Amino acid sequence: AANAEVDKSVCRLLDLMGTVAVQTPPPPGDEADISDNPTLIAALSVIEYLIRQYQIHANHLTAGRLLYTLLPLQVIRPTAYPGVFGRVLSLVDLQELGLTFL
């Protein structure tokens, strides 16, 4: 029961961070870089912490939510934040989630 509550809290946090990531404007210019965006750096740092500390990429529920959190960022600004979605995608067991088409 405790794990279910933690999973639910992580999913809510990922939803909020996804909203922040999508609503945060990309850096100006062709040389888009996240280093100029402290809000996005903070959100991605929290996601990295959750991956390292709690292995949210290995849990069916939180792994799916993690992908759904980062996918809009990849679709809206594919060149602004290169590599972020790909790195997370490589961590998640896509077969377990039924997302083998990715």
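Predicted model only: the values in this text are computed from it and were never measured.
Contact of the L97 side chain with the L67 side chain is registered, since non-hydrogen atoms from C-beta on lie closer than 4.5 Å. Within the 4.5 Å cutoff, the side chain of I51 has heavy atoms near those of the L66 side chain.
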Please determine whether side chain to side chain contact (heavy atoms under 4.5 Å, CB included) holds for the pair V10 and Y54, giving the CA-CA distance in whole Å, both sets of side-chain angles, and the decisive distance to 0.1 Å. CA-CA 10 Å; V10 167; Y54 296 103; 6.0 Å; no
L14/L70 under side chain to side chain contact (heavy atoms under 4.5 Å, CB included): CA gap, chis, key distance, verdict: CA-CA 9 Å; L14 288 171; L70 295 175; over 6 Å; no
Using the side chain to side chain contact (heavy atoms under 4.5 Å, CB included) rule, take H57 and V88 through it: C-alpha gap first, then chi angles, then the decisive distance, then the call. CA-CA 8 Å; H57 63 285; V88 170; 6.0 Å; no
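Atoms CZ and CG, from R65 and D7 in turn, are 10.5 Å apart once rounded to the nearest 0.5 Å. For the atom pair N59 CG and E96 CD, the distance stands at 8.0 Å (nearest 0.5 Å). Separation of atoms CG (L44) and CD1 (I41) is listed at 8.0 Å; rounding is to 0.5 Å. Q23 CD to T39 OG1: the interatomic distance, rounded to the nearest 0.5 Å, is 11.5 Å. The distance from atom CG of D15 to atom SG of C11, rounded to the nearest 0.5 Å, is 7.0 Å. Of the inter-residue distances, the one linking R12 atom CZ with K8 atom NZ reads 6.0 Å to the nearest 0.5 angstrom.
V20 is not connected to V75 by any chain of hydrophobic side-chain contacts under 4.5 Å among Ile, Leu, Val, Met, Phe, Trp and Tyr, and they are in different clusters. One hydrophobic cluster, built from ILVMFWY side chains closer than 4.5 Å, holds both L50 and L71. Both M17 and L89 belong to a single network of hydrophobic side chains, linked directly or stepwise wherever heavy atoms of I, L, V, M, F, W or Y lie under 4.5 Å apart. There is no path of hydrophobic side-chain contacts, each under 4.5 Å, that joins L16 to Y49. Using a 4.5 Å cut-off between side-chain heavy atoms of Ile, Leu, Val, Met, Phe, Trp and Tyr, with links allowed through other members, L94 and L61 fall into different hydrophobic clusters.
Under a 3.5 Å cut-off, the side chain of T69 and the backbone N or O of G18 do not form any donor-acceptor pair. Distance alone, capped at 3.5 Å, places no donor-acceptor pair between the T62 side chain and the A58 backbone.
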